[in-house]
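When reading the values below, keep in mind they use all heavy atoms of this one structure, side chains included, and skip hydrogens, waters and symmetry mates. Treat the numbers as computed from the prediction; the structure is a model and nothing was measured.
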Amino acid sequence: MAEKIKPELLGFLRPSGLRIRILVVESLYYLPELRRMFPRAEILAAAAESDAMDGYEGLEAAFSCVDYRQERLPFEPESLDYILSDLTLEQAGNPQDIAAGFSTFLKQTGSFLTSFRNIRHWSVLEELMDGHYYHVAARLYAKTEFERLLYASYYKNVTVRPQRRRADSDIVEKLMAAGFANIHDDIDTEFWLVKADRSMPEMALLKSMYTKEQRKALAEYLHRIEYDVDAAQQSRDFWAFYEEAGLFPDYVASFVKQAVFHPSWFFRRLRMESGEECETALAILASMRENASDSAEIRWIDERIDTLRAAGGNG
């Protein structure tokens, strides 16, 4: 009964002229709108039936005839920005393997967009009350269990939106009277729409800038300074790398916040040999202050800013 779901996964996306790579698995009805939203994207399609692309030939979508439930998708690791597929894990015999497998095809900044039927919807519960269960070939999930499945499949951030179908009878009131919880109209939610990200939003932004090798080098410089592994030389190397890679204070501030365990150690051990380096360090601290989460963090940053200014760039 997949025809009941409305194709709304594109609500998670915003039109763009970027050259991104998008894969649609089985749910090929998304192809026309995807092409309109992303005119320069490389759009890929995969389905188990060879005639699934009938009617979509003019959309410049590369098609692969493959059953994702039985075969590995023919794509390179970390090569896709988005994978779209409604009800993907409902028909999978090994849903966690499928979800984890999909994650390997996504870039670190990529997302898996899918949906699932809510086992707590009033229509399913009403059928059970009548002694029937019509989903013997499918796996139905409650919201919490599906979220846990995705987190266990290496996704770092999961967003869900409800797709509701309300009853035209008093079945929901009867279920609540019998003890069924209906928090946030869960019993009225027939399907949940899901966006599962490979990285947390903050890390995704960091990973979208600079190359993987540059990010690795930056992390190594920061950690060596943080733990005082020849901090003087590592500081000189850090500032040289800062110029060479074209880094900027806001980026380094965000990177420090996400990657450095003891920012106070890092800034105490960071050496500055010129006024320009001192000004950049102050700009990094100022950016961190703007995004500080509590007053204690702000006080520490203010103290470090005062210390730097008084030291005149000597660390």
**Q.** Close side-chain approach of L31 to R35, heavy-atom, < 4.5 Å
**A.** no
(Q) Looking at F261, I'd like to know if its CZ atom is crowded, meaning that more than 12 non-hydrogen atoms belonging to other residues, nucleotides or ligands lie closer than 6.0 Å. (A) no
Q) In terms of the angle between their ring planes, are F238 and F266 parallel, tilted or perpendicular, with boundaries placed at 30° and 60°? A) perpendicular
Q. More than 12 non-hydrogen atoms from neighbouring residues, nucleotides or ligands closer than 6.0 Å to OH on Y154, yes or no?
A. no
Q.
Looking only at the side chains, is there a donor atom on one of H262 and E226 sitting less than 3.5 Å from an acceptor on the other?
A. yes
Q) Around E60, counting heavy atoms of other residues, nucleotides and ligands shown, do more than 12 lie under 6.0 Å from its CD? A) no
Q) Looking at F255, does the NZ or CZ of R215 lie under 6.0 angstrom from its six-membered ring centre and within 45 degrees of the ring axis? A) no
Q: Could you label the plane-to-plane angle of the F102 and F112 rings as parallel, tilted or perpendicular, counting under 30° as parallel and over 60° as perpendicular?
A: perpendicular
(Q) Could you check whether atom CZ of F248 has more than 12 heavy atoms from other residues, nucleotides or ligands sitting under 6.0 Å from it? (A) yes
Q | Steps toward salt bridge (charged side-chain N to carboxylate O under 4.0 Å, His left out) verdict (K216, E213) | A | CA-CA 5 Å; K216 180 181 178 183; E213 292 72 22; over 6 Å; no
(Q) Can a donor-acceptor pair be found, under 3.5 Å and without considering hydrogens, that links the side chain of S27 to the backbone of D86? (A) yes
Q) How about D188 and N182: do any of their side-chain heavy atoms sit closer than 4.5 Å? A) yes
Q: Would you please test R224 and E220 for salt bridge (charged side-chain N to carboxylate O under 4.0 Å, His left out) and show each step?
A: CA-CA 6 Å; R224 288 170 188 162; E220 289 175 350; 3.7 Å; yes
**Q.** Close side-chain approach of L10 and Y30, heavy atoms under 4.5 Å
**A.** yes
